[in-house]
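Just so you know, these numbers use all the heavy atoms, side chains as well, and skip hydrogens, waters and symmetry mates. Proteins get letters first, then strands, A, B, ... in listed order; numbering begins at 1 in each. Just so it is clear, the model here is predicted, and its values are computed rather than measured.
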Amino acid sequence: MAKKGIRDRAAPLAHGLAWFYALLLVFPLYFIIVSAFKDNLAIFNSPLSPPSSLSVSHFVDAFQRVELGRALWNSTFITVSAELLTLALAIPASYALARSRGRIAAWCERFFALGFLIPSFAALVPTVLLAIHLQLFQTRAFLIIFLPAGALPLSVILLTQFMRAIPSDLEESAVMDGAGRIRILLRIYLPLTMPGIITIAILNFLSFWNEYLFALILGGPDPAVRTVQVALPNLVSQTNTEYGVLLAGALITMIPVYLVYILLQRRMESALLEGAVKS
Amino acid sequence: MRKKILGIGAALTAACLVTAGCGGGSGGDSDSKSITVMSIWHASDPEGKILNDVVTQLGSKGINVKVIEGGETLADTFDTSFAANKEPDVAIVNLAEKTNDWVKNGEVVPASEYLDTWGLTSKIKPEALAEWKDADGKVQGFPYVGFVWPVWYNTELLAKAGVTDIPKTTDDLIAAAGKLRAAGIGPLVVGGKDWSGQKLFLQIAQSYMTADEARTVYAKGGYCDSPAAMRGIQLFTRLRDAGVFADDVEGLTADQMNASFFAGKSAVMSAGSWAFAPAPAALVPNIQLGGLPVPAGGTYAEPTAYRGFTGSGFWVSRNGKKKIDAVKEFVTAFYDPAVVDRFAAEANTVTAGVSSGDVQAKNALMKTAVTELDSKVKYALMPDTVVPGKVADPMIRATSSAFIKGNDANKICKSLDQLYS
């Protein structure tokens, strides 16, 4: 009874803190959105006030000045290709690691975990040298090959844990029914580990889409190759940056991230429920 | 912060790769009439529009120019591309910081090799060529866009605070700052945490140094050992502690400086001619351009300003040398007096190219700067061509902390000298 009383009294505080946290998250977004419609003077002198006009000229300017349409296409192409390649490599690798109990498999798993120990900056110079020697420097192809290499350790480790959670009885039953390894992977493991796959897909999408340093160095500034993250900073000028245009450009580049997140989040929730029922 | 760390990462990578000299790859486009130009000018800016017009004209002559906008990371991108032997044939970028080392690193071909044969020596102002010379006397690139960098005074705000005359001495400036603060108006605003604050610091620091002495100290260090440099730094701390700089100036950028001055929150700022165009039209009649007040007994008898021709210029790369005929057509096109005139009239720039002589800037502030500034100020040594490339970036962090009260002259000079070791 006393515990319930404490809980009741703490509820408004918890609600208040939750709303405060939500506000903290929304605040930067609000700032970006209102600033995208203002000029520099208004942004610096009254940063939180709503804009006096809702003209979309800054969005048009941002889109045209740094060819954001082309950059969005490059980002989409590179991100989707790298995502597919990552999943195509991580899913079978995880399945193999989850179901193997030998010493070699254990070593392989540790080998993947070693990937976490390599800081990305440390890999930068050797990666550039590799790209140069492969004649793939400043090409989209190299980014598509390289990005999965960085994402595989986390993807494989996480998926392996998801796959280990699947009862081995299911696999044994399928084997008795005559199913091969590939069929077991596609028909049993893939559907049941969909929440994990979707989670990894979201994480990788965010990581690939927002990649800046490697995309700048390995991809370069040519509009034929550059991604949105490389194109966007071109709206920054050392002497006269138009922050309204810059933030409008930033909003444009954020839209695909939100769309993908919303889309995959629903899939993840439904897959989670589906998995719960099956198990 | 993340972008800053990433920027440093990009710079380090570029530096490692350039130092390693890992050549290889196939190089640029092998067509001798097709060149690639990496430019700091944006297509939407007047400079970018003129560039595109020149490119179109060259196209009709059979020379194809592909323009890539390099943005603020141009120097890093150029360095990395150089390591892969894929650098653009021409770069259009300023002479400062990293680009100061390009000739020394063999990344570009000195312009000295072509100035006479291309007939450009007489088409470029001699003072501009002098600025672009390195320690070995080689002209590093073809200078093009210059600037003047005065101190801006809002006469309406000064009058409101009871300041009737533009300050000419540092004592006048301190007195004016006190009156402005009493009236609730910000005094001298500057981007304390970026290059604009660095330049103002170095402008004050050379108050007691001759140009030659400042050149030596800025190039090699030795601030603590130079009595004249120390007097200049002590003057800086005196101005800072007297409240001459606007509040929290150490955290401001050049863009925030402009916004503060343009909004009438601060009465004085130190900004270059690139800020003439964005100045609000209603404010322009109240703006008086002048110099930075000087101390009694200092090197300069009049307030000081900067001017220079290091704003941007043309750099011919190792790949560009292989297509030198097309590069020549491209570079020389900009020194045609008609194109120089367009830069003065449309882009409101001071150009290193010799104009036809009958063109005037449309911008009122630029007109004033061109016609009146020389009589009001002495020009201090512009540090960009003197401070070594590897020192320039970290120096901005050191000068930023100089704006924080409590850092005395000894601490500041030591932090500067450390950068050169």
Quiz prompt | Contacting region of B/Ala43 [heavy-atom separation from chain A under 4.5 Å] | solution = neither
Self-check item: Rounded distance [0.5 Å steps], CG in B/Leu252 versus CZ in A/Phe44
Solution: 9.5 Å
Quiz item: Nearest 0.5 Å, what's the CD1-CG distance between A/Ile217 and B/Asp76?
Solution: 6.5 Å
Practice problem: Flag the one option from B/Ile68, B/Asn258, B/Asp255 with the top tally of heavy-atom pairs under 4.5 Å to chain A. | Solution: B/Asp255
Quiz item: So how far is it from B/Lys86 NZ to A/Gln135 CD, rounded to the nearest 0.5 Å?
Solution: 8.0 Å
Quiz item: With chain B, which of A/Asn240, A/Asn40, A/Val230 has the greatest number of heavy-atom pairs at distances under 4.5 Å?
Solution: A/Asn240
Self-check item: Side chain / backbone / both / neither for A/Tyr243 at chain B, heavy atoms under 4.5 Å
Solution: side chain
Quiz item: Can you tell if the side chain of B/Met38 reaches within under 4.5 Å of the side chain of A/Pro221, non-hydrogen atoms only?
Solution: yes
Quiz prompt | Least distance between heavy atoms, A/Asn45 atom then B/Ala259 atom | solution = ND2-O, 3.8 Å
Self-check item: Residue, of A/Ser237, A/Ala224, A/Gly220, that accumulates the most heavy atom pairs under 4.5 Å with chain B
Solution: A/Ser237
Practice problem: Measure B/Pro88 against the heavy atoms of chain A and call it side chain, backbone, both or neither at under 4.5 Å. | Solution: neither
Quiz item: Is a side-chain donor-acceptor pair under 3.5 Å present for B/Ser81 with A/Gln138?
Solution: yes
Self-check item: Whether B/His42 side chain and A/Asn234 backbone form a donor-acceptor pair below 3.5 Å
Solution: yes
Quiz prompt | Toward chain A, the part of B/Asp45 with a non-hydrogen atom under 4.5 Å | solution = neither
Quiz item: Taking C-beta and beyond as the side chain, do A/Asp61 and B/Ser44 meet within less than 4.5 Å on heavy atoms?
Solution: no
Exercise. Against chain B, work out which of A/Val66, A/Asp39, A/Val236, A/Leu134 has the most heavy-atom pairs shorter than 4.5 Å and name it.
Key: A/Val236
Quiz item: Would the number of heavy atoms belonging to other residues, nucleotides or ligands and lying under 6.0 Å from OH of A/Tyr30 be above 12?
Solution: yes
